[in-house]
Amino acid sequence: MRNESTKLWGGRFAAEPEAVFLDYSQSIDADARMAAEDIWGSEAHVLMLGVQGILTDEEVRAILRCLEEARAHVEAGTLALDPADEDIHMNLEKFVIRGAGAEFGGKLHTARSRNDQVVTDSRLHLRNRLLDVLEALAGLQEALLARAAGQERTVMPGYTHTQHAQPISVAFWLTGHVAALMRDGQRLLAAFDRADACPLGACALAGTSFPTDRALTARLLGFARVEAHALDAVGARDVYLEALSALAILHAHLSRMSEELVLFSTYEFGMVELADALTSGSSIMPQKKNPCLAELARSRTGEMYGCLIQGLTMMKALISGYNRDIQQDKPPLWAGLDLAEQTLGAVAAMVQTMELRTARMSELAGANFATATELANWLVSDRGLPFRRCHEIVGSLVRRLIEERKTLGDARRVAQLLAELGVKAKVAELDFLDPLKCLERQRSLGSTGPSETLQLHVVLVQALHDGRREAASRRRRIARARGRTARAVKHVLRGGSLADCKL
Ligand code: ARG
């Protein structure tokens, strides 16, 4: 029986779809970026069908020839995608059927469904994009580490509650961000590994009666393993939610860094000066220099959270198997990946070019009693007093200094006040009231003390190197699999048989 419909699924329908339905339901925009992956998936599938004797070599060859043609179009940017054909899968299948004829082309979809196809394509694409984001992340970490190098003795105020707390070093501040971003890298890599299972061959939901070899398609697509359970493979999207959660947490970190750049570059703080080329002026106030890039990076965190919430809400209460709802998995996933990569680039650019105003940092580090904790510590270690008692002594000393409009920098007055409070101390003994001296005394594991911070720097440089190596080995595995598929395709197109093809 001939199919009169323009749709590949048109047999049971008496009417063509209405424009309102097609417009609303097509997914071409989100699918377009998976064209190369859809072709690769089809190549792997059709090679497997040939190896398993489900299709003949001649049928496989005819289909592969058209897929190669489609690939050339994708690479040249000339593949015409028709929204009336709903998605990338239908568009490419139709392309093959047009080129190879229904007799041959119509066999491409044997033992396959769009349900396993779409999640295979999107996982292939996600894997690459996660590696791109990881590269951008490593770029930012490298920038932070470069700016931190040699700054272990450059003092600045450390804050709790956005109030002066204790002096820290610039290297300590910057490497703190690197440490947080390291966990982001681990989460992204874990999301990659979760996505690294091949759903192809699950078919619509129940598997198939054809003797398929799912391990072979997984190998040809460079997946680490097969996503075995067919019903789960087509209907679950937690893998994408995991990627989006990792991206959302990463963006939270980027927003914290951006906020610091906004705050620290104010006139009031004046510790950082952002590059002119990364800031903008006001249309009315001639003197203004606005940290717009940092503000936007801060603001776009909401967009990223939106992507995660969109995905979570989409999945809620869906019954087992594929539901059309999950077509909407891709727009937030692509948007999240794109946004993370962009924001990482923007923040890295600011970090690379910002001026660190170290004189102002040092001035602020010494102000506002930031060395008070060290004075209390000294009373404990040098005078053997209980910490609570020392806390009280220093607290009342600070209150006196505030009343007198003096600071802890005035060591002579501090010594006098200590004497009044029952502690005799020489001015020379109180050198740690200087923020740099105070900094140098910190020595616990992971502290802001220069040698500890230097050690943290070394460990982070090594971790960055290891993370990059992990990502590179995954990229190589993907490239090897791509090469394996391409060689097999070439072999068959040259007239070779699948029986003597090494897969
Ligand atoms: N465009 C669809 C998506 O992105 C492909 C799967 C369609 N499956 C179906 N049974 N209609 O989810």
Side-chain angles (χ1 to χ4, degrees), residues 3 5-13 15-42 44-45 70 74 79-97 108-127 129 195 198-208 217 221 227 230-241 243-244 307 310-337:
N3 181 3
S5 167
T6 58
K7 299 284 161 269
L8 292 175
W9 42 254
R12 65 100 65 219
F13 288 84
E16 283 289 297
E18 292 262 8
V20 65
F21 170 63
L22 277 179
D23 290 349
Y24 197 74
S25 59
Q26 57 89 11
S27 56
I28 279 300
D29 289 345
D31 286 4
R33 59 163 86 194
M34 308 189 299
E37 287 87 347
D38 197 74
I39 293 169
W40 187 9
S42 288
H45 180 64
V74 170
L79 183 74
L81 295 174
D82 185 356
D85 285 326
E86 295 176 48
D87 52 32
I88 190 69
H89 327 295
M90 283 292 188
N91 268 272
L92 283 166
E93 193 186 339
K94 271 201 165 177
F95 184 95
V96 171
I97 291 173
L108 166 61
H109 212 54
T110 312
R112 185 177 78 172
S113 157
R114 276 187 295 166
N115 298 352
D116 58 343
Q117 201 180 346
V118 66
V119 68
T120 303
D121 293 0
S122 47
R123 282 192 187 191
L124 286 173
H125 193 70
L126 171 65
R127 283 192 318 183
R129 295 293 293 137
C198 186
L200 196 59
C203 301
L205 75 162
T208 179
T217 34
L221 295 172
E227 193 68 89
L231 182 60
D232 167 55
V234 294
R237 291 294 184 274
D238 52 283
V239 166
Y240 300 163
L241 300 182
L244 283 169
C307 293
Q310 208 176 320
L312 284 167
T313 312
M314 176 196 75
M315 284 313 291
K316 140 189 177 302
L318 291 182
I319 70 158
S320 299
Y322 178 84
N323 294 276
R324 191 67 181 266
D325 309 52
I326 58 182
Q327 172 169 293
Q328 295 309 112
D329 59 354
K330 289 170 288 300
L333 186 59
W334 303 160
L337 289 158

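First listed ligand is number 1; within each ligand, the first listed atom is number 1.
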Check each of Asp232, Asp325, Asp329 against Arg237 using the salt bridge (Lys or Arg N to Asp or Glu O under 4.0 Å) test, and report the only one that passes. Asp329
Residue pair Leu92 / Val96, side-chain heavy-atom distance below 4.5 Å: no
Check whether the side chains of Tyr322 and Ser113 place a donor and an acceptor atom closer than 3.5 Å, and report yes or no. no
Is Asp87 close to ligand 1, meaning an N/O of one under 3.5 Å from an N/O of the other? yes
With a cutoff of 4.0 Å, is His89 in contact with ligand 1, counting heavy atoms of the residue only? yes
Is there side-chain contact between Trp9 and Arg114, with heavy atoms separated by less than 4.5 Å? yes
Is there a side chain to side chain contact (heavy atoms under 4.5 Å, CB included) between Val118 and Asp87 once you walk through the steps? CA-CA 9 Å; Val118 66; Asp87 52 32; over 6 Å; no
Starting from atom 11 (N) of ligand 1, locate the nearest protein heavy atom and write down its residue, its atom name and how far away it is, to 0.1 Å. Arg114 NH2, 3.5 Å
Between Arg123 and Glu227, is the salt bridge (charged side-chain N to carboxylate O under 4.0 Å, His left out) condition met? List the steps. CA-CA 11 Å; Arg123 282 192 187 191; Glu227 193 68 89; 2.9 Å; yes
List every atom of ligand 1 that sits less than 4.0 Å from any heavy atom of Ser27, numbering the atoms from 1 in the order shown and giving each element. 1 (N)
Nearest neighbour of atom 8 (N) of ligand 1 from the list Asn115, Ile28, Asp31, on a heavy-atom basis: Asn115
Polar-atom distance check: Gln327 versus ligand 1, any N or O pair below 3.5 Å? yes
Validation row: Lys7, Glu86 side chains within 4.5 angstrom (heavy atoms): yes
Among all the protein's non-hydrogen atoms, which is closest to atom 6 (C) of ligand 1, and how far away is it? Tyr322 OH, 3.4 Å
Looking only at heavy atoms, is any part of Lys330 under 4.0 Å from ligand 1, and if so is it the side chain, the backbone, or both, or is it neither? side chain
Hey, does Gln117 sit under 4.0 Å from ligand 1 if you only count heavy atoms? no
